[in-house]
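Reminder, nothing fancy here: chain letters follow the sequence lines and each chain counts from 1.
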Amino acid sequence: MSAEGTPLLSVRNVSIRFGGIVALDGVSFDVAAGTIAGLIGPNGAGKTTLFNCLSRLYRPTGGAILFEGMPILATPRHRIAALGLGRTFQNLALFRSMSVLDNVRIGAHCRMRQGFLAHALALPAVRREEEAARAAAAELVALLDLQPVADVPVAALPFGTQKRVELARALVTRPKLLLLDEPAGGLNHEEVDQLRSLIRDIRDRIGVTVLLVEHHMSLVMSVSDKVVALNFGRVIADGPPAAVQADPDVVRAYLGTEAA
Amino acid sequence: MDMTDRTWRRIGLAALLALACLLPFLVSSYRTFQLTSALSYAIALLGLNILTGYNGQISLGHGAFYAIGAYVAAILMDRFGVPYWATLPAAGAVCLVIGFLFGLPALRLEGLYLALATFALALATPQILKYKLLEDWTGGVQGIVILKPDPPFGLPLDQDQWLYFFTLVVAIVMFWLGRNLLAGRIGRALVAIRDHPIAAETMGVDTAFYKATTFGVSALYTGVAGALGAIVIQFVAPDSFTLFLSITLLVGIVVGGLASISGALWGALFIQFVPNVADHISKAAPWAIYGLFLIAFMYLMPTGIAGFLRTLAARLTRRPSRR
Ligand SMILES: Nc1ncnc2c1ncn2[C@@H]1O[C@H](COP(=O)(O)OP(=O)(O)OP(=O)(O)O)[C@@H](O)[C@H]1O
Ligand SMILES: [Mg+2]
């Protein structure tokens, strides 16, 4: 879509079905590097399913996904993070018994190299790598105001705080593209405002491209450079926020559900 | 964790070590023998705890790896004249490979299904050891008798004391390696897989490789422990390695404390000495008494002995202005 060549993410004609349900039906859209893209749609439209295809948790029945121009549908799941595709989960997927700091440090796993033997023998390389991971994690813990709870097991924290831990964990992987699945879920008005500026900072200061799934319309419309709307697994609109918001198909899709 | 916690831990560790070095001079040689056996159990329990406590893979069959380690040691000493200390790396290596290979198909099995597969392993072990075609090596039902090693360098120790110190050093090395393994990236990945395998994989953890390797490492620990056990008891026979041993190891990690390194030591002392205590209390129904002890421990220390001690230490060292 942009003139500078290949988009960072290119979803091409992706389809997936679960039994009789066609959850994604020939979905195609691009996300250009350096942008914030919104992905909207009523409940059950297929937004999370698309994220799960991107992080290889689901295998699409058809289509292709290109990241930096490279097809990723044959890449093993555990290599996705190292490629630069980070994500958060709609319903939280934290490591419950671990502290906030350890959860965030797991994010650095994909950037670390030392294996079983090196760790067992406590080689100097291990100490250096661990120190770097601790520093990187501490930086994001600070950025997301998690310092006061850094040593607390995540399971003991409120939902909103846990969402921030997930965000920190995803950022430590040093993603090029960050997939956010309903980060505003369960947040109050003030927290949504903070989230808005946080998402902008992530793009502007850390230089991470963002694909944002949200039901919070004013948030999506105010931060996104472009918005893709899904309904029943199909793309029904793709364009600038204002145009998508005014699109008759989008208005119809949201009638009777949330206000568009 | 702040400095004072660490200092306390150091002091505790030093005291424990001093006690461990004194004990064989204070107790009878039979007790020394029992303590040596407990140390070998502690190594096995650390191995099982890495697998089950940290990584969340249940094994009802670790007695099989203990048996393999024991037989590797016995056969190497008996048939090939290998010195006793050199059998430990061999036992560990054999179990690492077998554990890894067993861990690969076990990847498809979750929770109770994995428990069943390992249960089958435990059931089959004594019978495989009695198998006619292996008799030349294993000694069949008779087993293998091995000689007790003498202390080297003219050390002023009797055989039991020497074996105790030998086992103590091996245990310290194995615990040091285990602590290192669990302290960083690898340890976090193991717990992450236990807590949320999908999220772990999304964060870049190769769960298949980690689970199989952890199975191998766990088997290695248990195999080394089995080799030590054989040397200490001077005898291996198929019926020492029944399902009961596997269950006992599982009891050890739960009583000692799941996902705790020190828990392996406490659990080992429990499985070594509580049956004796029970036997003293009632010759007629020792296992009923053992059962009561188990229930009481689990009731009073639901997070195991290690968890109980941690809570206790936190209470004792709590300072007024704690963050
Ligand atoms: N693993 C699965 N098995 C069966 N059906 C599934 C599975 N995952 C998703 N679906 C179905 O696919 C459809 C799309 O679900 P998805 O979770 O992607 O919606 P969504 O757009 O994220 O909705 P929401 O806004 O409520 O989060 C739904 O009908 C859902 O029931
Ligand atoms: Mg969803």
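Around CZ of A/Arg96, the count of heavy atoms belonging to other residues, nucleotides or ligands within 6.0 Å does not exceed 12. More than 12 heavy atoms of other residues, nucleotides or ligands lie within 6.0 Å of CG in B/Leu101, so this atom counts as buried by the packing criterion.
Side-chain N or O atoms of B/Arg185 include one that pairs as donor or acceptor with a backbone N or O of A/His109 at under 3.5 Å. Looking only at distances, no side-chain donor or acceptor of B/Arg188 sits under 3.5 Å from a matching main-chain atom of A/Asp102.
Between the CE atom in B/Met203 and the NE2 atom in A/His78 there is a gap of 14.5 Å [rounded to 0.5 Å]. One finds the CG atom of B/Asp195 at 8.0 Å from the CG atom of A/Asn103 (value rounded to the nearest 0.5 Å).
In terms of heavy-atom pairs under 4.5 angstrom with chain A, the leader among B/Ile198, B/Thr213, B/Thr207 is B/Thr213. Of the listed residues (A/Arg134, A/Arg127, A/Arg111, A/Arg113), the one with the most heavy-atom contacts under 4.5 Å to chain B is A/Arg113. Contact tally against chain A (heavy-atom pairs below 4.5 Å) for B/Leu177, B/Leu182, B/Ile186: the top residue is B/Ile186.
B/Gly204 and A/Ala81 get closest at one heavy-atom pair: N-CB, 4.1 Å. When all heavy atoms of A/Ala122 and B/Asn180 are compared, the pair lying nearest together is CB-ND2, 3.5 Å.
Side-chain contact, A/Ser97 with B/Arg194: a donor N or O sits under 3.5 Å from an acceptor N or O.
In this structure, chain B has a heavy atom under 4.5 Å from the side chain of A/Leu57, while its backbone stays farther away. Of the atoms belonging to A/Arg56, not a single heavy atom falls under 4.5 Å from chain B. Contacts between A/Ala82 and chain B at a heavy-atom distance below 4.5 Å are absent for every atom of the residue. Neither the backbone nor the side chain of A/Leu85 comes within contact range of chain B; no heavy atom of the residue lies under 4.5 Å from a heavy atom of that chain. For chain A, no part of B/Ala208 is nearby; none of its heavy atoms comes within less than 4.5 Å. A/Arg79 does not touch chain B: none of its heavy atoms, backbone or side chain, sits under 4.5 Å away. For chain B, the nearby part of A/Glu129 is the side chain; its heavy atoms alone come within less than 4.5 Å.
Taking the six-membered ring where the residue is Trp, B/His196 and A/Phe95 present perpendicular rings, their angle passing 60° and hence far from 30°. Between B/Phe209 and A/Phe116, the ring-plane angle classifies as perpendicular under the 30° and 60° cut-offs.
Proximity to chain A among residues 38-56 of chain B is not found for any residue, judged by heavy-atom separations below 4.5 angstrom.
Applying the side-chain contact (heavy atoms from CB on, under 4.5 Å) rule to B/Ala212 yields the partners B/Phe100, B/Leu104; only residues at least two apart in sequence or on another chain are considered.
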